[in-house]
Amino acid sequence: MRRFFYLLISVFILLNIFFATYYLTHKDLNFFTDVARDFLLYQEVDQKKIILIGARSSTAGIFHGPLWIYLTYPGYILGHGDPLFMEGYWIFLIVVFVGSGYFVAKKIFGQKVALIYTLLLSGNMMFHARSLINPHGALFLVPVFFLTILWYWRYQKWRLLALHLFL
């Protein structure tokens, strides 16, 4: 029964990832203002090579760092600026995020909780696959954010605290 439960949840996770590709296969990219601004920032990276200020946040006068731009820039370069290729790159990032979320949750809580967390995470992310923006990049770091503080409490190493504060 336990093996059937794990198999069933794994199948649903794979189905969620398959459904995330729906927008890509139907060429349905949600190219709204935040995504367009990211593409302008990619062009700025092409010109300047290094930028220190990323996209605007929802709070006036506050900016996100450029990490999201540098994380997604390889998709822009590989696709030669094609938004549909970028959507495929976003799906790749989602798969990496869901996979890393599984391993972090398994390390903290165990395999059952990790599978359920991954199922919920993949179900949520399949709706965002057609337009990832910089707040999603912050969401990608949440599991590692919690893991680093737990490791700091366990091992009392200042490097883990520094990594946690950096994240």
Side-chain angles (χ1 to χ4, degrees), residues 6 9-10 13-14 16-17 20 32-79 81 85-167:
Y6 291 157
I9 288 184
S10 298
I13 291 168
L14 290 174
N16 285 340
I17 292 171
F32 64 103
T33 55
D34 290 340
V35 175
R37 182 188 60 230
D38 284 349
F39 274 79
L40 289 174
L41 288 173
Y42 300 140
Q43 290 175 354
E44 187 175 344
V45 171
D46 274 342
Q47 294 169 356
K48 297 180 181 176
K49 304 302 179 211
I50 294 175
I51 60 171
L52 299 176
I53 297 178
R56 292 180 307 146
S57 70
S58 58
T59 306
I62 295 183
F63 294 87
H64 287 273
L67 184 61
W68 175 252
I69 300 302
Y70 289 124
L71 177 68
T72 54
Y73 186 67
Y76 176 79
I77 291 296
L78 291 173
F85 186 89
M86 190 61 135
E87 188 171 351
Y89 186 73
W90 290 336
I91 291 170
F92 166 74
L93 288 178
I94 288 172
V95 169
V96 169
F97 171 51
V98 169
S100 67
Y102 169 78
F103 288 112
V104 170
K106 183 178 177 184
K107 216 170 235 326
I108 296 173
F109 300 110
Q111 188 172 11
K112 285 182 186 178
V113 173
L115 279 172
I116 293 171
Y117 169 73
T118 306
L119 175 66
L120 294 173
L121 186 62
S122 65
N124 180 37
M125 291 309 294
M126 75 177 178
F127 295 110
H128 297 284
R130 70 184 207 168
S131 59
L132 289 185
I133 54 175
N134 55 359
H136 292 105
L139 179 66
F140 289 176
L141 294 175
V142 168
V144 178
F145 180 78
F146 285 118
L147 184 64
T148 56
I149 196 66
L150 288 173
W151 279 353
Y152 172 71
W153 281 335
R154 181 180 296 167
Y155 302 116
Q156 297 294 312
K157 304 252 183 197
W158 67 270
R159 290 182 193 124
L160 292 170
L161 181 61
L163 178 60
H164 177 74
L165 291 174
F166 175 75
L167 292 175

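Given the structure is predicted, the values throughout are model-derived calculations rather than measurements.
Expressed to the nearest 0.5 Å, how far CG of Leu161 lies from CZ of Phe166 amounts to 14.0 Å. One distance of note links CG of Leu163 with CZ of Phe145; it measures 10.5 Å at 0.5 Å rounding. Taking CG from Leu160 and CZ from Arg154, the interatomic distance works out to 11.0 Å, rounded to the nearest 0.5 Å. Note: Glu44 CD to Ile50 CD1 = 12.5 Å, rounded to the nearest 0.5 Å. Note that CG of Leu119 is 6.0 Å distant from CG of Asn16, once rounded to the nearest 0.5 Å. Taken from CG in Leu120 to CG in Leu115, the straight-line distance is 11.0 Å, to the nearest 0.5 Å.
Within the 4.5 Å cutoff, side-chain heavy atoms of Tyr42 are placed close to those of Thr72. Under the 4.5 Å side-chain criterion, counting only non-hydrogen atoms from C-beta, Lys157 is not in contact with Trp151. Between Leu41 and Asp38 the shortest side-chain heavy-atom distance falls below 4.5 Å. Proximity of Ile94 to Leu132: side-chain heavy atoms (C-beta onward) are separated by under 4.5 Å at one or more points. With a 4.5 Å cut-off on side-chain heavy atoms, Ile13 and Leu121 do not count as touching. Side-chain contact between Phe39 and Met86 is present, with at least one heavy-atom pair separated by less than 4.5 Å.
In this view, Lys49 satisfies the salt bridge (Lys or Arg N to Asp or Glu O under 4.0 Å) rule with no residue, not counting sequence neighbours.
Outside the 6.0 Å centre-distance limit, the rings of Tyr73 and Tyr70 are not counted as a close aromatic pair.
Contacts classified as salt bridge (Lys or Arg N to Asp or Glu O under 4.0 Å) and involving residues 117-146 (residues at least two apart or in different chains) are given here: Asp28-Arg130. Among pairs with a residue in residues 95-124, those fulfilling ring pair (Phe, Tyr, Trp, His ring centres under 6.0 Å) read Phe97-Phe140, at least two apart in sequence or across chains.
Nearest approach of Ala114 to Thr118, heavy atoms of both residues: O-OG1, 2.6 Å. The minimum heavy-atom distance between Glu87 and Ala129, with the atom names listed, is CG-O, 3.6 Å. Annotation for Pro143 and Val104: closest pair O-CG1, 3.4 Å, computed over non-hydrogen atoms.
Aromatic ring pairs are classed by plane angle as parallel below 30°, tilted from 30° to 60° and perpendicular above 60°; the pair Tyr89 and Phe92 is tilted.
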(request) Evaluate the side chain to side chain contact (heavy atoms under 4.5 Å, CB included) criterion for residues Trp90 and His136: first the C-alpha distance (whole Å), next the side-chain angles of each, then the deciding distance (0.1 Å), finally the verdict. (result) CA-CA 10 Å; Trp90 290 336; His136 292 105; over 6 Å; no
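Annotation for Leu165: atom CG counts as buried by contact number, over 12 foreign heavy atoms lying within 6.0 Å. Remark: Tyr152 OH is packed, more than 12 non-hydrogen atoms of other residues, nucleotides or ligands lying under 6.0 Å away.
Remark: the backbone N or O of Met125 is not paired with any side-chain donor or acceptor of His128 at under 3.5 angstrom.
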